[in-house]
Amino acid sequence: MSLRISNMLPVSTRGMWIGTFHGICNRLLRLHFKDANLPKSFQILDSNDQISIIKRVIKLNKIDIEKISPKQIQYHINSAKDNGLRSNQIDEVDEFTQHVNKVYRIYQSICDVEGLVDFGELILRTYELFKNNNALREHYQNRFKYLLVDEFQDTNQLQYNWLRLLVSKSNSIFAVGDDDQSIYGFRGARSDNLSDFKRDFNVSNTVKLEQNYRSQGHILEAANALIKNNVNRLGKDLWTSSGQGEQIKVLEAPSESEEANSIVREIKRLESHDHKLEDIAIFYRSNAQSRPLEQALFRAGIAYKVYGGLRFFERQEIKHALAYLRLILNPQDHSSFLRIINFPPRGIGSKSIEKINKISEIKKCSLFEALSFTDLSGKAAASIKAFSALFDKLRVDTEQKSLAFIIETVINDSGLVSHYENDKDGFDRIENLKELINAGAMFEIEEEQALSKDELDPISTESDSGQSNSLFSFLDHASLEAGETQAVDGAKALQLMTVHAAKGLEFQTVFLTGLEEGLFPHENSLADFSGLEEERRLMYVAVTRAKKNLNISFAQSRMIHGQTRWNISSRFLDEIPQKNISRKTDHQLSQSHINHSIKNQIIHGSKKSDHQFSAGKIVEHQKFGMGIILQCEGQGPEARVQINFENHGVKWLILNFAKLTLDASHDKNIN
DNA sequence: ATTAGTGGTGTTTTT
DNA sequence: CACCACTAAT
């Protein structure tokens with residue numbers, strides 16, 4: 001974003017604050033940590049860190065909530081914060097809320113003591129800071145003459161209130177948003193903020209942007225037709241002056257691997273017609289779907305780049321390494337301490353950890369300091385001494401050293417590398433650890449360049465004593481911008497990403513994959529109407545990323561959670577007008593596939609089944625209607641079939657009881 | 001007392 | 001399939 005802006009503007013962008021809400025709040029909190037009542041070295045928690053603290057709270061306080069999962073509690077905490085609510089502001093209306101809120105309260109006190117800040121807290125803290133500190137608020141109201149907010153439909157209630165605090169008579173605000181592209185409802189985004197904005201900020205004139213400069217006719221018509229099915233929207237109709245262009249190609253494949261192969265063939269064809277690889281993108285609904293695509297691309301020797309997914313900084317080996325780094329910097333960091341106290345295994349088990357915990361409570365000191373008081377006998381005592389000594393040594397060895405050197409020293413001396421050397425699938429992990437050294441070196445170079453370029457803002461942090469300041473900002477960077485690091489060098493490669501990650505981007509050619517009921521729209525979103533509408537907006541976002549060529553595909557069968565599932569095509573496909581589509585129903589391919597799988601059953605299956613039903617056949621049930629057979633089991637009176645019904649989902653039925661009729665037309669297809 | 005191995009469970013999207 | 005909690009083996 002920063003780059004795009006500086007390329008478009010005749011003036012320098014130095015001095016502008018450009019970033020996400022989270023990024024800007026982090027910057028503010030770093031500058032005013034004292035006023036925000038935070039330790040100087042506060043660390044940012046990611047989703048997993050948050051979960052492990054919640055688990056800790058549940059265990060330590062023996063809260064009796066067997067039925068409530070840590071994830072549910074996490075959701076409660078995050079959505080409370082997204083709405084600007086502290087635990088004491090929540091009505092404990094029922095037992096559930098009471099339990100969950102208790103965890104929230106204790107969780108927050110742990111974070112406060114240990115100097116930990118989760119994503120919601122970044123914004124909430126800054127909000128409270130502005131609210132309670134008039135001088136500071138006025139300073140920033142004058143500092144930022146113009147506030148510009150992009151993707152306004154993705155703001156949540158707290159971010160909205162945050163903006164209201166920052167806007168005064170001395171500055172002005174400008175917002176751009178598209179309610180049809182609101183796809184972050186699950187994390188508290190309110191597209192209603194768009195209409196509230198008009199009211200609360202006295203907007204005198206609204207500009208509707210309906211001319212689209214990106215996509216050609218067929219693509220745009222499809223997008224318009226799709227989104228019209230949503231009831232809850234402000235309403236707009238996009239138009240283009242760039243001609244009809246090509247129809248959308250729709251491909252039906254027998255399996256996910258066939259789908260991937262067809263896409264690879266098409267990409268090769270495009271390449272030979274002078275399409276650039278970096279102008280092509282493949283989208284999918286969930287990260288897990290990237291695998292078969294990657295396999296096919298790898299085999300075909302096509303360079304590709306996966307965005308997001310298992311983020312580099314979220315891998316366990318990287319998190320272990322970072323925990324060592326954090327603990328060097330901040331011995332108070334209990335989460336990091338617990339992560340590595342016995343990793344790699346060094347003979348300090350749960351019992352020892354419990355003792356350390358007790359001592360830290362009695363002596364009111366950190367877990368780390370408690371190590372020196374813990375008197376245990378024999379092996380454990382020796383292990384604990386060794387662990388303390390390791391850290392004393394690490395602190396001395398890494399003082400005033402380069403980031404790369406610090407990281408290298410830590411991953412070697414901690415025993416992480418040698419641990420993974422003995423692990424049978426530890427090779428990749430060691431590669432990643434080496435990559436972390438590189439990332440550190442790169443980060444330091446970039447930081448120097450940035451520093452020499454802008455010595456801007458009047459308020460600046462006082463320089464740090466002792467430990468390297470760049471280690472500090474590196475750790476910060478690691479938790480907040482986890483995904484970005486790998487994305488930079490996306491040159492000359494095909495781009496793979498989730499539809500969520502694709503928002504705001506555009507490509508000449510887009511392959512949109514996995515258009516199947518249950519996947520897209522995702523089955524977990526179908527429970528309520530608003531969920532389905534959000535999925536449809538997601539589809540709308542995906543379609544409108546394509547400039548010239550859009551390819552949509554789906555597979556008849558797909559491995560999900562280790563089981564083959566037979567899906568029907570997505571309802572979203574049916575919502576696109578036929579005139580905008582050219583169907584490449586690979587019928588021959590699909591028939592041969594089904595024949596093949598039936599033959600396989602006859603040859604490999606120990607005995608031929610004594611009924612006429614088999615996987616892949618279309619059947620009709622008196623009550624459930626049409627469906628496709630997923631698998632068969634058993635013989636005679638015990639024979640059962642699993643069927644995915646068009647309108648009733650997946651069910652197991654006993655053949656003797658279920659009156660099933662084979663769909664004759666489909667039967668003819670097979671033979 | 002620790003660890004490795006086993007069996008049961010739940011699976012979207014992200015700052 | 002991947003992760004966790006629990007159990008058996010060291």
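What you see is a predicted model, and the numbers here were worked out from it, not measured in a lab. Numbers restart at 1 for each chain; the letters A, B, ... are given by sequence-line order, proteins then strands. Any value given below was found using the heavy atoms of this structure, including those in side chains, with hydrogens, waters and symmetry copies removed.
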query: Under the criteria of a ring-centre distance below 5.5 Å and an interplanar angle below 30°, is A/His22 stacked with the base of B/dT15?
result: no

message: Just the rounded figure in Å: distance from C1' of B/dT11 to CD of A/Gln289.
response: 13 Å

message: Would you say the base of B/dT15 stacks on A/Phe21 (centre-to-centre below 5.5 Å, plane angle below 30°)?
response: no

field: Flag if over 12 foreign heavy atoms under 6.0 Å of CZ, A/Arg56
entry: yes

task: Provide, to the nearest angstrom, the distance between the NE2 atom belonging to A/His522 and the C1' atom belonging to B/dG10.
output: 12 Å

message: Whole angstroms only, please: what is the OH-C1' distance between A/Tyr540 and B/dT13?
response: 20 Å

message: I'd like to know if A/Asp178 pairs up with A/Lys503 as an ion pair, taking the criterion as any Lys NZ or Arg NE/NH1/NH2 lying under 4.0 Å from an Asp or Glu carboxylate oxygen.
response: no

message: Output the rounded distance in Å from CG (A/Asn156) to C1' (B/dT14).
response: 13 Å

message: Suppose we call two aromatic rings close when their centres sit under 6.0 Å apart. Are A/Tyr140 and A/His32 close by that rule?
response: yes

query: Is the phosphate of B/dT14, meaning OP1 or OP2, less than 4.0 Å from a side-chain N or O of A/Ser47?
result: no

- line: Sorted by position of nearest nucleotide on DNA chain B, 5' first, the leading residue of A/Arg346 and A/Gly120 is A/Arg346

message: Counting only side-chain heavy atoms from C-beta out, which of B/dT15, B/dT11, B/dT13 sits nearest to A/Thr20?
response: B/dT15

message: Quiz question: by atom type and distance under 3.5 Å, do the side chains of A/Gln108 and A/Asp112 form a donor-acceptor pair?
response: yes

task: Measure from CG on A/Leu519 to P on B/dT11 and round the result to the nearest Å.
output: 16 Å

- request: Taking only the side-chain nitrogens and oxygens of A/Asn287, find out if one of them lies under 4.0 Å from OP1 or OP2 of B/dT13.
  value: yes

- prompt: Starting at OH of A/Tyr307 and ending at C1' of B/dT14, how long is that distance when rounded to a whole Å?
  reply: 17 Å

- request: Take the protein atom CG of A/Asn48 and the nucleotide atom C1' of C/dC3, then report the distance between them rounded to whole Å.
  value: 12 Å

- prompt: If you check every side-chain atom of A/Asn524, which of C/dC4, B/dT15, B/dT11 has the closest atom?
  reply: B/dT11

- request: Look at the side chain of A/Phe186 and decide which nucleotide, out of B/dT13, C/dC4, B/dT12, has an atom nearest to it.
  value: B/dT13

- prompt: B/dT15 P sits how many Å from A/Lys503 NZ, rounded?
  reply: 11 Å

query: Below 4.0 angstrom from OP1 or OP2 of B/dT3, is there any side-chain N or O of A/Asn342?
result: yes

query: Across the strands shown, which category fits A/Tyr184 at heavy-atom distances under 4.0 angstrom: base, sugar-phosphate, nothing?
result: sugar-phosphate

field: Donor-acceptor pair present, A/Arg187 side chain and B/dT13 base, under 3.5 Å
entry: no

- request: Check every atom of B/dT15, B/dT12, C/dC4 against the side chain of A/Arg285 and return the nucleotide holding the closest atom.
  value: B/dT12

message: Regarding A/Glu534 and A/Arg537, does a basic nitrogen lie under 4.0 Å from an acidic carboxylate oxygen?
response: yes

